[in-house]
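All values below come from the heavy atoms of this structure, side chains included, with hydrogens, waters and symmetry mates left out.
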Amino acid sequence: MHIHNKSYDAAEKDFLEALAIHEKFGDQFGIAMTQQKIAHLWVLQGKREAAKKLLKQVIVFCITHNNILIRIKAKKFLYKIYKEEGNTKEALSNLENYISLTEKVRASQTFQVLENYEKAAQIKLSEREARFELEKAEIHAKKERAEQEAKVKQDFLSAMSHEIRTPLNAITSIISLLEERSSSDEQKLLTSLQFSSKNLLRIIDDILDFSKLQSDKMRLQKYPVAIHKLLANIHSTYECMANEKGVELQVNIDSKLANCYKIDETRIFQILGNLLSNGIKFTSKGSVILEVLMVAEGETEDRVQFSVQDTGVGIPQKEIDRLFDSFYIPSNITTRNQGGTGLGLAIVRKMIQLHGSAINIKSNEGQGSTFSFVLKMEKSQLKEVHPKVLLEKLEGKKVLLAEDNEINAMVMTQLLEKQGVQVHRANNGLQAVDLAKDRMFDFILMDIHMPEMNGFEAAKKMRATKSANTHTPIFALTADITAIAAEEYEHYFDNFLRKPLAIDRMLELLFQYQEYKHIPIV
């Protein structure tokens with residue numbers, strides 16, 4: 001095959017490997033046959049003298065080991081070489097030897113036997129090569145199928161994430177606008193609506209994050225976080241759910257905890273949120289308690305235990321080992337209100353493992369459950385920003401907002417302008433690139449999925465174009481969780497902001513970027 005493709009170096013390598021095998025096992029016929037093939041290869045490469053020398057060695061070898069068939073072939077080959085060179089004397093000498101040897105073999109019928117042996121050997125070699133090619137083709141086909149399946153899955157997740165999160169971004173942003181204009185009674189309704197939208201988002205995140213965890217594509221994004229503020233936000237998020245069921249929700253925090261730790265706020269919120277929502281769902285009376293205790297205090301790092309205890313239905317001992325399996329729901333969960341996707345605890349375990357820890361559970365049926373885990377958390381510092389200072393810092397800032405969704409663009413514009421930020425809108429990536437050429441901006445907020453030119457390509461073009469905005473901070477706004485993993489475009493953005501956006505958090509992070517030149521994914 002290599003000779004047919006004129007891959008002579010590869011062919012010579014194969015022949016030399018074959019020769020070494022024949023020599024190892026003392027296969028005299030195989031040695032002579034392989035050496036003759038090497039001589040043939042050398043002729044094709046133009047190394048005729050080396051080929052003639054090797055063929056003469058083959059003839060001597062064949063005489064020594066009584067290998068008449070290869071000897072005949074070598075003589076015939078030498079005859080052809082000398083004939084092509086115009087050396088009549090040597091050509092005739094080898095031709096005479098070839099004819100003489102052939103007649104002797106034919107007379108004794110040895111020639112036919114040896115020829116059949118060679119054919120059989122060739123057939124076996126062809127069969128082995130055919131099997132090898134078939135196995136190689138099967139492996140290649142399996143790889144292609146796996147890559148195609150992975151791409152289909154990735155495209156589906158991308159579409160699902162974008163199509164669901166985009167309208168959710170509009171809902172949560174409009175709620176933020178309405179809260180300031182509504183009465184106290186209306187605010188209660190808006191609070192319930194906000195909770196419902198966040199609960200829906202949590203379910204979506206569970207499904208999408210489960211897929212990321214399964215493919216080992218999730219990475220922790222750690223940055224300074226005020227731990228007491230985070231725990232207060234978790235409490236306020238799930239307090240409404242607890243109140244609706246008549247269950248008391250408590251958060252107890254050890255006074256020894258530092259004010260700020262470098263952690264992945266989103267993942268910690270997700271872990272504790274899943275545990276709290278499960279506790280509330282499975283508790284009809286009593287309480288659900290989140291307790292955060294100092295286990296070991298260090299100079300730069302603390303070991304902190306998180307535990308969620310409920311007085312709910314509990315879990316049968318025989319089912320505890322299966323509790324963290326994907327899509328598993330215990331047999332004593334009989335109502336739809338208590339049920340769920342069956343992914344929450346599977347995600348909790350994987351996320352805690354991502355932190356280098358493990359989750360523990362203590363439970364008895366009818367007596368409630370306690371879930372706990374310990375994390376190593378690096379101490380840090382965070383500059384708290386007063387709303388007035390934030391407003392002063394962002395007042396008059398010019399922002400280019402590239403967003404094709406009219407509702408999202410309208411809401412984002414109103415929210416930013418309310419903070420004194422001047423907003424210039426682009427409907428697609430091409431418009432964004434054109435605007436960036438003519439005007440100087442303090443920040444660029446770039447949606448990823450847009451017509452004409454997507455956010456990836458627009459950011460790439462801005463960075464490659466010499467203009468006032470070549471080095472302006474560009475933040476990707478995306479409802480597509482798979483976009484964050486697009487490593488080939490990562491260096492064009494200062495960071496990614498996940499939709500739906502919490503406007504207060506986004507404004508605070510824009511301020512932090514000016515202070516620290518870093519902004520975490522939110």
Taking the side chain from [X] and the backbone from [Y], do they hold a donor-acceptor pair closer than 3.5 Å?
X: Asp447; Y: Ala402; answer: no
X: Thr311; Y: Lys285; answer: yes
X: Asp302; Y: Gly298; answer: yes
X: Arg463; Y: Tyr492; answer: yes
X: Ser357; Y: Phe373; answer: no
X: Asn428; Y: Asp404; answer: no
X: Lys397; Y: Phe443; answer: no
X: Thr283; Y: Ile280; answer: no
X: Asn274; Y: Val348; answer: no
X: Thr465; Y: Met462; answer: no

Separation between [atom1] of [X] and [atom2] of [Y], rounded to the nearest 0.5 Å:
X: Ile234; Y: Glu239; atom1: CD1; atom2: CD; result: 13.5 Å
X: Met453; Y: Lys460; atom1: CE; atom2: NZ; result: 10.5 Å
X: Leu401; Y: Leu435; atom1: CG; atom2: CG; result: 11.0 Å
X: Met446; Y: Asn454; atom1: CE; atom2: CG; result: 9.5 Å
X: Ile227; Y: Ile263; atom1: CD1; atom2: CD1; result: 4.0 Å
X: Leu354; Y: Ile271; atom1: CG; atom2: CD1; result: 8.5 Å

Do you know which two heavy atoms are closest between [X] and [Y], and how far apart they sit?
X: Asn469; Y: Phe441; result: OD1-N, 2.9 Å
X: Tyr261; Y: Val304; result: OH-CG2, 4.4 Å
X: Lys281; Y: Lys245; result: O-NZ, 2.8 Å
X: Ala242; Y: Leu249; result: CB-CB, 3.9 Å
X: Val295; Y: Gln305; result: CG2-CB, 3.5 Å
X: Pro224; Y: Gln381; result: CB-O, 3.6 Å

Fill in: side chain to side chain contact (heavy atoms under 4.5 Å, CB included) partner of Ile289, the single match among Asn252, Leu276, Val308, Asp310
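Testing each of Asn252, Leu276, Val308, Asp310 against Ile289, the sole residue satisfying side chain to side chain contact (heavy atoms under 4.5 Å, CB included) is Asn252.
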Worksheet entry | Member of Leu231, Leu293, Leu290 meeting the side chain to side chain contact (heavy atoms under 4.5 Å, CB included) criterion with Ile253 |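 Result: among Leu231, Leu293, Leu290, Leu231 is the only option passing the side chain to side chain contact (heavy atoms under 4.5 Å, CB included) with Ile253.
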Practice prompt. Evaluate the criterion side-chain contact (heavy atoms from CB on, under 4.5 Å) for residue pair Phe493 and Ile448; output intermediate values, then yes/no.
Written response: CA-CA 11 Å; Phe493 296 98; Ile448 295 298; 3.9 Å; yes
Worksheet item: Could you go step by step and tell me if Arg439 and His424 meet the side-chain contact (heavy atoms from CB on, under 4.5 Å) rule?
Response: CA-CA 10 Å; Arg439 302 179 187 179; His424 298 265; 2.6 Å; yes
Practice prompt. Quick one: do Leu345 and Phe371 satisfy side-chain contact (heavy atoms from CB on, under 4.5 Å)? Show the steps, please.
Written response: CA-CA 10 Å; Leu345 289 178; Phe371 294 84; 4.2 Å; yes
Discussion item. Do the side chains of Glu406 and Arg425 get close enough for a salt bridge, i.e. N-O under 4.0 angstrom?
Written reply: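 Salt bridge between Glu406 and Arg425, a charged N being under 4.0 Å from a carboxylate O: yes.
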Worksheet item: Are Ser372 and Ser307 linked by a side-chain donor-acceptor pair shorter than 3.5 Å?
Response: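 Short answer, no.
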Discussion item. The criterion is ring-ring contact (aromatic ring centres under 6.0 Å, His included); which residues satisfy it with His355, sequence neighbours excluded?
Written reply: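 For His355 there are no ring-ring contact (aromatic ring centres under 6.0 Å, His included) partners, ignoring immediate neighbours.
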Worksheet item: Does any non-hydrogen side-chain atom of Glu403 lie less than 4.5 Å from one of Met412?
Response: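 Met412 vs Glu403: side chains apart.
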Worksheet entry | Lys262, NZ: over 12 other non-hydrogen atoms inside 6.0 angstrom |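 Open.
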Practice prompt. Can you run down the salt bridge (Lys or Arg N to Asp or Glu O under 4.0 Å) pairs that involve residues 246-261, sequence neighbours left out, and say none if there aren't any?
Written response: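 As it turns out, there is no salt bridge (Lys or Arg N to Asp or Glu O under 4.0 Å) pair with a partner in residues 246-261 once direct neighbours are skipped.
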Discussion item. Between Leu400 and Thr472, does the side-chain contact (heavy atoms from CB on, under 4.5 Å) criterion hold? Intermediate values first, please.
Written reply: CA-CA 10 Å; Leu400 172 58; Thr472 299; over 6 Å; no
